[in-house]
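Data block below; observations after.
Basis for what follows: all heavy atoms, side chains included, without hydrogens, waters or symmetry-related copies.
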Amino acid sequence: MRQTSLVVVANRLPVDDTVAPDGACEWRRSPGGLVSALHPILHHTPATWVGWAGGTGAAPSLPDVDGVRMHTVALSADDVRDHYEGFANATLWPLYHDAVEQPVYHRRWWESYQRVNQRFAEAAAEIAEPGAVVWVQDYHLQLVPGMLRELRPDLLIGFFLHVPFPPPELFMQLPRRAELLLGMLGADLVGFQRAQAAHNFAQLCAKVLNVPATDRRIAVEDRVVRIGAFPVSIDMAEMEQLAGRPDVVARAKQLRVDLGEPQHMILSVDRMDYTKGIEHRLKAYSELLADGHVKVRDTVMVQVVVPSRERVEQYQVLRDRVEREVGRINGEFGRVGEPAIHYLNQPFDRAELAALYRAADIMVVTPLRDGMNLVAKEYVAARVDNSGALVLSEFAGAAAELTQAYLVNPHDLDGLKLTLMHAKEAAPGDVNARMGAMREHLRDHDIQAWARSYLTALDHTGSLAARLTTD
Ligand code: G6P
């Protein structure tokens with residue numbers, strides 16, 4: 001096996017299996033994301049991505065993606081149930097998102113989480129050349145940095161958490177809290193989306209592990225672990241280019257025609273997840289319809305929900321609740337051929353998504369808690385003519401950067417209704433000024449800038465720097 005000087009370790013590989021027109025299975029690069037960011041900055045540095053391809057079969061062997069080698073870690077059906085659906089998505093995910101759903105604790109899940117993390121660590125240890133940089137991603141793999149340091153103390157190890165890191169009062173619930181913190185502390189640099197998360201982590205390390213900790217540095221035995229905030233972003237150029245494609249522009253126009261040429265089109269795009277505040281949004285919209293502030297013919301709402309983690313019980317319950325509510329609202333306020341809410345529960349193609357972003361004059365992103373929320377940033381990227389109002393929850397990481405959005409507390413239903421009306425009735429000058437400022441911010445803070453800033457901070461010794469391009 002050829003070793004490389006940069007190894008990314010993430011639960012998922014950046015590929016999707018799609019079905020070609022002839023019925024054959026094809027692997028395609030997942031759009032946007034970190035892999036496209038690595039390509040321009042790594043230039044001639046060979047890199048490998050270690051991850052799961054989805055499914056429970058034997059590990060498929062995959063072609064390179066943008067010059068990055070794919071190394072598959074196979075998961076069995078038990079691993080998927082106990083590690084991915086269990087500990088990652090029914091214990092950590094709700095706990096890290098303000099416990100908006102009750103986290104579930106099972107010892108069997110924790111054992112599986114350890115075993116799967118060990119497997120990822122071993123794969124990375126095998127692939128990394130001496131002194132290489134290994135960059136571990138997200139909550140599925142929090143033990144990997146520590147395990148990898150045991151196996152390969154020569155490596156420079158980074159860890160980045162894409163989701164929120166909770167305050168001590170919540171994290172303290174976790175039965176194996178000390179092990180998880182120690183796992184993350186195996187890294188040289190632990191990155192978070194927001195400074196508050198780094199602060200929570202430092203406080204917990206001091207409290208649980210009794211080690212000296214500030215919001216920038218934590219001392220562990222003979223090492224210093226650096227921590228900090230590195231807000232993740234999107235591939236701005238890719239989305240701008242897609243949104244400007246003539247077929248996408250034509251599709252956006254057609255969508256408005258298909259929707260009956262309304263004055264306003266409100267769009268929401270979420271994974272089907274209880275953190276996204278879908279029900280709060282539907283409630284606010286239904287009250288606006290009932291109050292007569294919104295009329296079905298003038299305004300249409302399109303709610304796209306992408307299926308997610310469908311075997312996890314809380315996700316099944318949520319889907320039932322959302323669909324019941326959409327049915328109720330359409331039953332009460334719709335007319336023949338004019339539903340109040342156009343609801344789509346299916347995976348979406350990138351070009352169709354870009355067309356929806358271009359068609360919608362109001363985008364509503366109202367998670368109850370979200371590490372970042374890249375949909376909000378994608379909408380901004382797609383609004384190439386500076387039009388479009390973004391209504392954004394204060395509890396999304398993106399709100400710290402997209403401060404010109406129409407910010408809202410999604411728990412405050414009256415506030416949410418008022419903000420929706422404010423966005424709907426805003427003067428074009430105000431809308432354009434806000435969108436222009438957010439677009440300018442994203443131009444300087446795209447995913448390439450994010451990856452470069454994290455890797456530069458990680459590589460304070462300069463071993464990778466010579467190979468990172470600066471253009
Ligand atoms: C969040 C996580 C990612 C995850 C994604 C989709 O954004 O931070 O790590 O890949 O959700 O969830 P899934 O369970 O389908 O990987």
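- The minimum heavy-atom distance between Ala398 and Asn373, with the atom names listed, is CB-O, 4.0 Å.
- Between Phe120 and Trp52, the ring centre distance reaches or exceeds 6.0 Å.
- The minimum heavy-atom distance linking Ala355 with Ala252 is given by the pair O-CB, 3.5 Å.
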- Task: Apply salt bridge (Lys or Arg N to Asp or Glu O under 4.0 Å) to the pair Glu279 and Lys283, showing each step before the final yes or no.
- Result: CA-CA 6 Å; Glu279 293 172 280; Lys283 176 116 175 76; over 6 Å; no

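- Remark: the Gln316 side chain and the Asp320 side chain contain no N/O donor-acceptor pair separated by less than 3.5 Å.
- Taking Ala426 as the reference, Tyr406, Asp430, Val431 meet the side chain to side chain contact (heavy atoms under 4.5 Å, CB included) condition, with sequence neighbours excluded.
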- Query: Can you list the steps and then say if Arg383 with Asp361 is a salt bridge (Lys or Arg N to Asp or Glu O under 4.0 Å)?
  - Reply: CA-CA 9 Å; Arg383 304 303 300 187; Asp361 44 309; over 6 Å; no

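- In the displayed structure, Arg216 atom CZ is contacted under 6.0 Å by at most 12 heavy atoms of other residues, nucleotides or ligands.
- In this model, a donor atom of one side chain and an acceptor atom of the other lie less than 3.5 Å apart for Asp273 and Tyr315.
- Counted by atom type alone, Ser393 and Thr366 present zero donor-acceptor pairs between their side chains at under 3.5 Å.
- With hydrogens and angles ignored, the 3.5 Å screen pairs no side-chain donor or acceptor of Asp188 with any backbone N or O of Leu156.
- Residue Phe160 is tested with Tyr139, Trp450, Phe230 for a ring-ring contact (aromatic ring centres under 6.0 Å, His included); the sole match is Trp450.
- Applying the side chain to side chain contact (heavy atoms under 4.5 Å, CB included) criterion to Val306, with sequence neighbours excluded, gives Val304.
- With Trp93 as the aromatic partner, Arg309 meets the cation-pi criteria of under 6.0 angstrom to the ring centre and within 45 degrees of the ring axis.
- Using a 3.5 Å distance cut-off with no hydrogens or angles, the side chains of His445 and Glu401 do not pair a donor with an acceptor.
- Taking the ring centroids of Trp135 and Tyr454, they lie under the 6.0 Å cut-off.
- Smallest separation of non-hydrogen atoms from Thr299 and Lys424: OG1-NZ, 3.7 Å.
- Looking only at atom types and distance, the side chain of Gln303 has no donor-acceptor partner in the side chain of Tyr285 under 3.5 Å away.
- Taking all atoms of both residues into account, the shortest heavy-atom contact from Ala243 to Val249 is O-CG2, 3.7 Å.
- Tyr379 contributes no side-chain N or O that, together with a main-chain N or O of Leu267, makes up a donor-acceptor pair within less than 3.5 Å.
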- side chain to side chain contact (heavy atoms under 4.5 Å, CB included) between Val391 and Ile362: does it pass, once the steps are laid out? CA-CA 7 Å; Val391 175; Ile362 304 165; 4.2 Å; yes

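- The aromatic rings of Phe201 and Phe165 stand perpendicular to each other, their planes meeting at an angle above 60°, with 30° marking the opposite boundary.
- Residue Glu338 places its CD atom among more than 12 non-hydrogen atoms of other residues, nucleotides or ligands, all under 6.0 Å distant.
- Across every non-hydrogen atom of Met184 and Val190, the tightest pair is O-CG2, 3.5 Å.
- Checking side-chain atoms of Tyr84 against main-chain N and O of Gly54 turns up no donor-acceptor pair under 3.5 Å.
- Applying the ring-ring contact (aromatic ring centres under 6.0 Å, His included) criterion to His71, with sequence neighbours excluded, gives no partner residue.
- For the pair Ser268 (side chain) and Val364 (backbone), a donor-acceptor distance under 3.5 Å is present.
- Here the closest non-hydrogen pair linking Phe333 and Ala340 is CB-CB, 4.1 Å.
- With hydrogens and angles left out, the side-chain atoms of Tyr357 and Glu378 include a donor and acceptor closer than 3.5 Å.
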